[in-house]
Structures are given as structure tokens and as C-alpha cells.
2 protein chains.
Amino acid sequence: MEEEKQTIRAVERALDVLLCFTAGNDLGLTEISQRVGLHKSTVFRLLATLEHRGFVIRDEATEKYRLGLRVLELSASLRREDDPALLLIGEMERLRDQLGETISLYVRDRKDRVRIQAVQSQQAIRRVAPVGARLPLSVGASSKILLAFAEPEVQDLLLSDPSWPASLSPEAYKEQLREIVQAGYATSFEEREPGAAAISAPIFGRNGKLFAALSVSGPSNRLTPDAMLECAPAIVGAAKRMGALIG
Amino acid sequence: MEEEKQTIRAVERALDVLLCFTAGNDLGLTEISQRVGLHKSTVFRLLATLEHRGFVIRDEATEKYRLGLRVLELSASLRREDDPALLLIGEMERLRDQLGETISLYVRDRKDRVRIQAVQSQQAIRRVAPVGARLPLSVGASSKILLAFAEPEVQDLLLSDPSWPASLSPEAYKEQLREIVQAGYATSFEEREPGAAAISAPIFGRNGKLFAALSVSGPSNRLTPDAMLECAPAIVGAAKRMGALIG
DNA sequence: ACCAATGTTTCGTAGCGTGAAACGGAAAGA
DNA sequence: TCTTTCCGTTTCACGCTACGAAACATTGGT
């Protein structure tokens with residue numbers, strides 16, 4: 001049960017503190033200590049260390065903490081010249097212009113999916129999709145794609161994981177995933193967020209393995225089930241072209 | 001020579017390991033341990049911790065370490081809706097289209113400057129400017145802007161800092177900065193990188209304090225001293241308009 | 001086969017991180 | 001003005017925990 005990997009507690013705690021800031025707004029010391037469940041003085045020292053390296057800074061006015069520019073520096077190193085997300089942005093823009101909706105690119109990262117690239121719809125009412133967002137793998141069209149086309153062993157691992165919602169029976173869900181493999185795309189209608197719908201198709205690399213899920217999302221009154229059925233071929237086609245672009 | 005702030009050694013080391021990856025390429029355990037000057041087993045545990053939280057991952061093929069998507073998640077929180085860099089991108093694009101060169105936005109972060117936004121030139125030969133890059137405050141046109149228009153106390157602090165190159169006399173440099181304040185803009189010609197030139201102007205916030213340096217950079221055979229002199233008014237004007245846009 | 005280089009595990013020690021408590025300071029309320 | 005309250009900061013003794021040497025494992029090169 002318990003073969004925890006050998007990790008360093010203080011570092012783990014520091015990273016937890018950092019992750020608090022994914023919420024977005026600035027945080028005070030006490031608020032952080034409550035959120036991570038650590039003593040004030042412990043968090044104080046952790047924050048002092050993070051600040052010393054520039055990972056967090058203090059807002060001069062409010063005295064609260066926020067992320068520092070060091071994380072921008074790190075993320076710049078993530079986006080390298082060979083970043084697939086950069087290669088695919090052109091094709092994504094073309095699809096956006098064709099369909100008028102927001103286009104996202106998701107990859108699986110452990111037990112979540114992460115939006116690694118996005119081009120926003122130009123319409124007044126649109127889905128806004130910030131790059132970097134981390135979302136659950138249990139709901140949404142792209143989640144189903146990432147699961148349905150994953151290698152069987154990771155699929156089993158994820159569906160049997162304790163973090164998998166008990167309300168979703170693995171057996172029934174697998175049947176649904178098989179249908180998606182058959183169809184070649186997946187849809188979701190007001191599944192994760194009310195008023196939103198999405199349709200997603202898989203992008204395979206040259207090695208034949210799933211690389212990412214291409215997803216079109218918008219308001220559910222525009223992306224009706226019928227409308228999604230209609231634009232599915234375009235999305236599947238774009239995903240196929242993208243697969244040819246990446247290594 | 002005294003009291004360092006109270007920080008946590010293990011965390012500090014972990015952050016140093018993370019910062020190794022700003023180089024860009026993937027790193028092996030031994031290489032990291034040499035770079036940060038720590039024992040292999042120590043780095044091994046630090047990396048295991050960073051990996052456990054998703055800040056680094058291992059390339060399946062090469063077994064080397066690289067940054068994980070958690071840093072993308074963090075950087076997304078840095079780019080919020082009220083991010084000034086997002087407000088200014090429109091004006092930057094306009095300036096790019098007018099001058100045909102790459103436009104960058106720099107802010108001072110401690111003893112460095114960081115490029116927080118950029119729009120790339122469309123020309124075949126152009127300056128490429130990745131967002132997030134951290135550069136020294138001692139060379140380059142935008143460095144001079146960030147120093148010249150900084151509050152006097154931080155200017156003194158930076159010029160007297162041990163990290164300031166001894167070859168640049170603070171006295172003479174201050175005189176140069178005064179001239180820049182007079183002119184309202186700064187230039188650099190093959191100063192930091194051979195073959196590159198830049199011209200930069202300050203952006204002030206509503207509070208009258210310096211917010212960032214707007215910079216135009218390109219190959220030195222296009223951005224000749226004469227050409228820079230010619231386009232200076234356009235850049236100063238754009239910087240002024242940008243100042244009105246931010247809070 | 002050897003050697004060299006890298007990644008992983010073990011283990012005893014002491015140095016370090018920990019959390020309770022006390023301190024200081026600012027803002028809110030009576 | 002004097003409380004009260006809430007934050008942030010500092011101190012300190014205890015005992016856990018992170019440390020590094022060394023051994024072990026694994027690979028690839030010659």
C-alpha cells in the first residue's frame with residue numbers, strides 16, 4: 001500500500017504553497033497556512049524562501065503574496081522551439097476561423113488533463129480557455145478522448161484510481177469509451193459546465209500513440225448536438241493533419 | 001555581511017534545481033548535481049520530490065529530466081485578466097506593423113530585467129524574443145531605461161551592488177543615464193549581442209512611476225543609428241499611449 | 001570481458017526544520 | 001483613548017529529517 005517514494009517534506013510543502021497561487025488571486029500568510037494546513041511560522045519560512053528565489057513577490061500595497069516572474073522564466077523554458085503546441089497553432093487558427101468557436105489542445109498529465117494551447121473565438125459570446133488550465137479527466141469531451149485512445153494499461157490505472165469518481169462505473173464507462181473509439185470523436189453537452197458544449201478528436205503522433213486531444217468548445221445553444229454532428233468531420237480532419245505535423 | 005533572511009535550505013536547493021532547467025535542454029541527474037554543486041543522492045531526492053508534484057517529468061526515451069506541466073499551470077495564474085502585458089499587446093502589434101521589427105516589453109525584477117511580453121517581427125531576418133527571458137540590467141537599451149527612470153534609491157542600490165560589473169564606473173554611468181532621461185529614450189548598438197541593435201522608451205503608470213521599458217530591436221544593419229534616431233518619436237509616442245492604458 | 005559513467009538505495013549522524021508561544025503593529029470597535 | 005482582534009514576525013528547545021559517504025545496480029562503450 002504505502003511505498004511512498006522518498007521525498008523531502010519541506011520541499012513538498014513549499015511546492016504546495018506555490019500551488020496555492022493557481023487560484024489566481026493574491027494570498028495572505030494566514031490564508032495560505034489554512035489552505036495547506038501548516039503552521040503560520042512554517043509557511044512564513046517557506047514563503048521567505050520562495051521569495052528569496054523570486055518565485056513569489058509581495059504586493060507593495062496589500063502586503064499580500066503573489067507569483068513572481070521566475071515562474072514566467074520557467075514557463076519560457078517549457079515552450080521550446082520544438083514545442084508541438086507552437087507548430088499546431090496555425091492549424092488551430094484555421095479551424096477557429098472555419099467554425100468560429102474556441103479551439104483548445106489538451107494533453108494528459110498524470111491524473112488530469114492540461115490545456116497546453118488555445119486560440120480564442122472572436123465572437124461576443126464565447127468560451128474563454130486560458131492556456132495552462134488543469135481540469136479533471138472524468139468529464140468533458142477531451143477527457144473521453146484522452147482516456148478512450150490511451151494505452152489500455154493507463155486506462156485501467158486511471159479508472160481504478162481512488163480519485164476516479166465512484167459515481168462513474170468503470171465498466172459502463174469503458175463501454176462508452178469503446179463507442180468513442182468507433183466514432184473517432186467525442187462530445188459533451190453541459191457536462192462540466194452548464195451552458196457549455198464541446199467536441200473533441202484525437203491527435204496521434206508518428207509513433208501511432210495518442211499525443212493530444214483537439215477540442216472545439218462554445219455555448220451549448222450554438223454547439224447543439226446537431227451542429228456538433230455536422231462539424232465533426234472537419235475536426236477529425238484537422239486533428240489528422242496536425243498529427244502529420246508533429247514528430 | 002550579516003544576517004541572511006531565515007530560509008529553508010532544502011527548499012532553496014530544490015528551487016535551484018528547478019532553475020537549472022531555464023537553460024532549456026533536458027538534464028541528467030549527474031549534470032544537475034554538478035551544476036548546483038550538491039551530492040548526487042541529494043539531487044536525486046529533490047528531483048523525486050519535484051517530480052511527485054509534477055514540476056519535472058522524465059523523458060521516457062532519454063530518462064532525462066525536464067520541466068513538467070505544473071509550471072505551465074503556474075504561469076497561467078501569472079497571466080491574469082488584469083495583466084498589463086495583455087492590455088498592451090494591441091499597441092505593440094501596431095508598432096510592430098509600423099516599424100517591421102520585434103517589439104519587447106521589459107520590467108525590472110530585482111537585479112535583472114525580464115521580458116514580460118513580445119510581438120515578433122515578420123521579416124525573414126529578425127530578432128527573436130521569447131517571453132520570460134531574464135537578462136542583465138547592465139547592458140542593452142531597455143536596461144538603461146529601467147535604470148535611468150528608476151527611483152534614485154533603487155538606482156543607487158543596483159549600481160553599488162556587487163553584481164554590477166566593475167568595468168562600468170557608477171559615476172560615469174550615472175552621467176549617461178542623466179542624458180537618457182533628458183532624451184526620453186535610449187539606444188544600444190551591438191552592445192549585448194553582436195549584430196543586434198535596439199531602442200527603448202519608458203512606460204509610466206498613472207502613479208507616475210516607471211512601469212516598463214518598451215523596446216524595438218532588430219539587426220544592426222537595419223536599425224542603424226540614423227534609423228533609430230528617425231523612429232524614436234514613434235516609440236516614445238507609443239510608450240506614452242501605453243502608459244495611459246494601464247492602471 | 002572490462003571499464004566508466006549514471007542512476008538508485010541504504011544508513012548513521014548531526015544539523016536543521018518544526019511548531020508552540022510570545023511579540024509587535026495595525027486596523028476595527030466600543 | 002483604551003480595548004479587542006487579527007495578522008505577520010521572531011525566538012527557541014526538541015527530535016525528527018535531510019544529508020552525504022559509500023555501496024549497489026544498470027547501462028553503454030571499447
Side-chain angles (χ1 to χ4, degrees), chain A residues 1-21 23-68 70 110 207, chain B residues 1-68 70 110:
Chain A
M1 195 70 226
E2 78 299 319
E3 58 222 85
E4 312 267 323
K5 297 181 74 169
Q6 192 173 136
T7 64
I8 298 174
R9 191 178 55 163
V11 174
E12 202 114 21
R13 288 172 166 185
L15 298 179
D16 285 342
V17 168
L18 257 192
L19 289 176
C20 281
F21 294 98
N25 40 12
D26 300 358
L27 299 171
L29 173 62
T30 309
E31 191 172 0
I32 297 173
S33 77
Q34 288 168 354
R35 204 173 285 211
V36 296
L38 295 173
H39 198 274
K40 271 192 309 175
S41 64
T42 302
V43 175
F44 177 73
R45 264 171 286 136
L46 293 171
L47 282 170
T49 312
L50 291 170
E51 188 184 12
H52 187 241
R53 282 292 188 270
F55 283 82
V56 304
I57 54 176
R58 319 193 57 172
D59 188 88
E60 300 177 8
T62 67
E63 294 262 304
K64 292 194 166 189
Y65 292 91
R66 71 169 51 156
L67 290 176
R70 268 270 145 72
R110 295 161 176 274
N207 53 12
Chain B
M1 282 318 347
E2 38 353 291
E3 50 256 74
E4 312 271 320
K5 296 179 75 170
Q6 191 172 138
T7 64
I8 298 174
R9 190 178 56 164
V11 174
E12 202 113 21
R13 289 172 166 183
L15 299 179
D16 285 342
V17 168
L18 257 192
L19 289 176
C20 282
F21 293 98
T22 52
N25 40 12
D26 300 359
L27 299 171
L29 172 62
T30 309
E31 191 172 1
I32 297 174
S33 77
Q34 288 168 353
R35 204 173 287 211
V36 297
L38 294 172
H39 199 274
K40 271 193 310 177
S41 65
T42 303
V43 175
F44 177 73
R45 266 171 284 137
L46 292 171
L47 282 170
T49 313
L50 291 169
E51 187 183 14
H52 187 242
R53 282 290 188 270
F55 283 81
V56 305
I57 54 175
R58 320 192 58 173
D59 188 88
E60 300 176 10
T62 67
E63 292 261 306
K64 291 193 166 192
Y65 293 90
R66 70 170 49 156
L67 290 177
R70 267 271 144 73
R110 297 163 175 272

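Letters go in sequence order (proteins before strands), and every chain restarts at 1. All values derive from a computational prediction rather than experimental measurement.
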For nucleotides 10-30 of chain D, read 5' to 3', which letter fits each nucleotide if B means a protein heavy atom sits under 4.0 Å from the base, S means only the sugar-phosphate is that close, and - means neither? B------SSBBB---------
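In plain terms, the two heavy atoms of B/Thr30 and B/Ser33 that are nearest each other are O-OG, 2.8 Å. The minimum heavy-atom distance between A/Phe21 and A/Tyr65, with the atom names listed, is CE2-O, 3.4 Å. B/Ala14 approaches B/Leu46 most closely through the heavy-atom pair CB-CD2, 3.9 Å. In this structure, B/Gly54 and B/Arg70 approach most closely via the heavy-atom pair O-CB, 3.3 Å.
Remark: P of C/dG19 and CG of A/Leu29 are 14 Å apart, rounded to the nearest angstrom. Per the geometry, CD belonging to B/Glu63 stands 10 Å off C1' belonging to C/dT6, to the nearest Å. The separation between A/Leu27 atom CG and D/dG8 atom P is 10 Å, rounded to whole Å. Taking atom CG of residue B/Leu47 and atom C1' of nucleotide C/dT8, one finds them 13 Å apart after rounding to whole Å. Distance, A/Tyr65 OH to D/dG8 P: 7 Å, rounded to whole Å.
The CG atom of A/Leu38 sits 7.5 Å away from the CG atom of A/Asp16 when rounded to the nearest 0.5 Å. With rounding to the nearest 0.5 angstrom, the CZ atom of A/Arg45 is 12.5 Å from the NZ atom of A/Lys40.
Looking only at side-chain heavy atoms (C-beta outward), B/Leu67 and B/Leu18 come within less than 4.5 Å of each other.
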Dot-bracket pairing map - DNA chain D, Watson-Crick plus G-U, both contacts under 3.5 Å, | cross-strand: ||||||.|||||||||||||||||||||..
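Of the residues A/Arg66, A/Arg58, A/Lys64, the one that meets the salt bridge (Lys or Arg N to Asp or Glu O under 4.0 Å) test with A/Asp26 is A/Arg66.
The side chain of B/Thr30 contributes an N or O atom lying less than 4.0 Å from OP1 or OP2 of C/dG7.
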